[in-house]
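Notes follow the structure.
Residues take their numbers from the sequence shown, with the count starting at 1.
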Amino acid sequence: MEKVARFTTSPVGVFIYGLATAVIGIALLLGFLSILFGPAALPPVLPALAAFNGAAAGYGVIDKTRTALAHEKLTLTCLAVLIALSGSLLLPLFCPWEPFMNGYRHLVCTAAALPFTFFGSWIARKSKHLKNNK
């Protein structure tokens, strides 16, 4: 049990946890919105879902790491790209008529998730700074 606790506080564990929660969040929101509005409304909403979950994941990664990340920009960029790609690849499960590999959708979701991931990390750094200066 101690090894699991130590792994979840390591930078790799925090990255995997942030990615997993974002992917699960996208899947749950896609499922909920497909029931609420119908599957045809999902493709235009997907970039917003990727952006929202990217911001939450960026905040979580920076908030949960105890020390500064060695390659923070690279970590956040990889996180945003993986979140966008996983959201784009989850969409055909809810909309079977959508193509599985759609470069335009991947690009739009990545363009939406990337700035919001950095925005979430910026908020987390400001929050840490405020907590440390009290």
- Message: Using side-chain contact (heavy atoms from CB on, under 4.5 Å), reason through K131 and D63 one step at a time and then give a plain yes or no.
- Response: CA-CA 11 Å; K131 287 178 187 175; D63 190 49; 4.2 Å; yes

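Atom-to-atom distance recorded for K73:NZ and T117:OG1 is 14.5 Å, nearest 0.5 angstrom. Here the OG-NZ distance, from S121 to K128, works out to 11.0 Å after rounding to the nearest 0.5 Å.
Between the side chain of N53 and the backbone N or O of L49 there is at least one donor-acceptor pair closer than 3.5 Å.
No continuous path of ILVMFWY side-chain contacts below 4.5 Å connects F52 to Y59, so the two sit in separate hydrophobic clusters. Cluster annotation: L91 and L33 are assigned to the same hydrophobic cluster (Ile/Leu/Val/Met/Phe/Trp/Tyr, side-chain heavy-atom contacts under 4.5 Å, transitive). Cluster annotation: L114 and I123 are assigned to distinct hydrophobic clusters (Ile/Leu/Val/Met/Phe/Trp/Tyr, side-chain heavy-atom contacts under 4.5 Å, transitive). Clustering ILVMFWY residues whenever any of their side-chain heavy atoms sit less than 4.5 angstrom apart, transitively, puts I83 in the very cluster that holds F94.
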Please table the atom pairs, donor to acceptor, closer than 3.5 Å between any side-chain atom in residues 14-31 and protein atoms at least two apart or in another chain.
residue: T21; atom: OG1; partner: Y17; partner atom: O; Å: 3.0
residue: T21; atom: OG1; partner: G18; partner atom: O; Å: 3.0

For residues 97-104, please give each side-chain donor-acceptor pair under 3.5 Å, one per line with the distance, not counting sequence neighbours.
residue: E98; atom: OE1; partner: R105; partner atom: NH1; Å: 3.0
residue: N102; atom: OD1; partner: Y104; partner atom: N; Å: 3.3

What pairs of donor and acceptor atoms, side-chain ones from residues 38-46 against any protein atom, are under 3.5 angstrom apart with sequence neighbours left out?
none

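In terms of heavy-atom proximity, I62 sits nearest to R125 at CG2-CG, 3.8 Å. Between A113 and A84, the closest heavy-atom pair is CB-CB, 4.4 Å. What you find for A111 and P115 is that their closest heavy atoms are O-CD, 3.0 Å.
Other cluster members for I35: none, since no ILVMFWY side-chain heavy atom sits under 4.5 Å from it.
Contacts classified as ring pair (Phe, Tyr, Trp, His ring centres under 6.0 Å) and involving residues 106-134 (residues at least two apart or in different chains) are given here: F119-W122. Listed by first and then second residue, the salt bridge (charged side-chain N to carboxylate O under 4.0 Å, His left out) pairs involving residues 24-36 amount to none (not counting sequence neighbours).
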